[in-house]
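The first residue of the sequence shown is numbered 1, and numbering continues consecutively from there.
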Amino acid sequence: MPLTPPIFILNGPNLNLLGEREPDIYGHASLEDIRLACETKAKALGRRVDFRQSNHEGVLVDWLQEARSQACAVILNAGAYTHTSVALHDAARALAIPLIETHLSNPSARESFRRRSFISPIAQGMVAGFGVLSYLLAIEAAHALAKTRETEHNSEET
């Protein structure tokens, strides 16, 4: 049986500072803690994750483009680029696989500039405000959406 493609979990700027930066907003878990929790959750569902972080917008665009052929779904926490990046919007729009926007905090409950997302209009959904649990819930959603796509694809082949 062939190995199924991973769920890409892409993290944007400053998320490498989790656990140190504004723990009252983002919690005390490090990005490494989140990666380990995501790997454990995905494994329990029979999935793999490809977990990445970059502070550079272009690198995130490259990874979204790579996901088009290498992933079964994308979970994107674009950090501050959520509110500013048309480039990420355009790259994500080119995906033919499920995209789930994820945030540790609830952007709608924060500063007004965080209430606009360039990702939300093209994502299948958003999970936000639950800390690390946001990622784990997003994995469940990504798994379910990918499984539906895989079942539909297999039905079309027969």
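- For the side-chain hydrogen bond (donor to acceptor under 3.5 Å, both in side chains) test with S117, the passing option among E101, H83, H89 is E101; the others fail.
- Residue R68 places its CZ atom among 12 or fewer non-hydrogen atoms of other residues, nucleotides or ligands, all under 6.0 Å distant.
- Without hydrogens or angle criteria, R48 side chain to T4 main chain gives a donor-acceptor distance under 3.5 Å.
- The minimum heavy-atom distance between A92 and L99, with the atom names listed, is CB-CD2, 3.6 Å.
- With hydrophobic clusters built from ILVMFWY side chains whose heavy atoms lie under 4.5 angstrom apart, V74 does not share a cluster with L137.
- A heavy-atom distance below 4.5 Å is found between the side chains of Y135 and N77.
- Cluster annotation: L10 is not connected to I100 through the hydrophobic network of ILVMFWY side chains, with a link wherever side-chain heavy atoms come within less than 4.5 Å.
- Between K43 and E39 no salt bridge is recorded (no basic side-chain N to carboxylate O distance below 4.0 Å).
- Contact check for I139 versus I9: side-chain heavy atoms found under the 4.5 Å cut-off.
- Atoms CG and CG, on L18 and D33 in that order, are 9.5 Å from each other to the nearest 0.5 Å.
- With hydrogens and angles ignored, the 3.5 Å screen pairs a side-chain donor or acceptor of N55 with a backbone N or O of N14.
- Using modelled atom types, no side-chain atom of S134 and backbone atom of T102 make a donor-acceptor pair closer than 3.5 Å.
- In terms of hydrophobic clustering, with Ile, Leu, Val, Met, Phe, Trp and Tyr side chains grouped at heavy-atom distances under 4.5 Å, L60 and L95 are assigned to a common cluster.
- Taken to the nearest 0.5 Å, the CD1 atom of I122 stands 8.0 Å off from the CG atom of D90.
- Side-chain atoms of R47 and K41, non-hydrogen and from C-beta on, never get closer than 4.5 Å to each other.
- The pair K147-E150 fails the salt-bridge criterion, with no side-chain N (NZ, NE, NH1 or NH2) lying under 4.0 Å from an Asp/Glu carboxylate O.
- Between the side chain of R21 and the backbone N or O of Y26 there is no donor-acceptor pair closer than 3.5 Å.
- What you find for L145 and P98 is that their closest heavy atoms are CB-CG, 3.6 Å.
- Counting all heavy atoms, side chain and backbone alike, V132 lies closest to A37 at CG1-CB, 4.3 Å.
- In this structure, Y81 and E57 approach most closely via the heavy-atom pair OH-N, 3.4 Å.
- Remark: N11 CG to S54 OG distance equals 10.0 Å, nearest 0.5 Å.
- Both I7 and F51 sit in one connected hydrophobic cluster of ILVMFWY residues. Membership requires side-chain heavy atoms under 4.5 Å apart, directly or through other members.
- Judged purely by atom type and a 3.5 angstrom limit, S85 has no side-chain atom pairing as donor or acceptor with the backbone of T82.
- In plain terms, the two heavy atoms of A128 and S105 that are nearest each other are CB-O, 3.6 Å.
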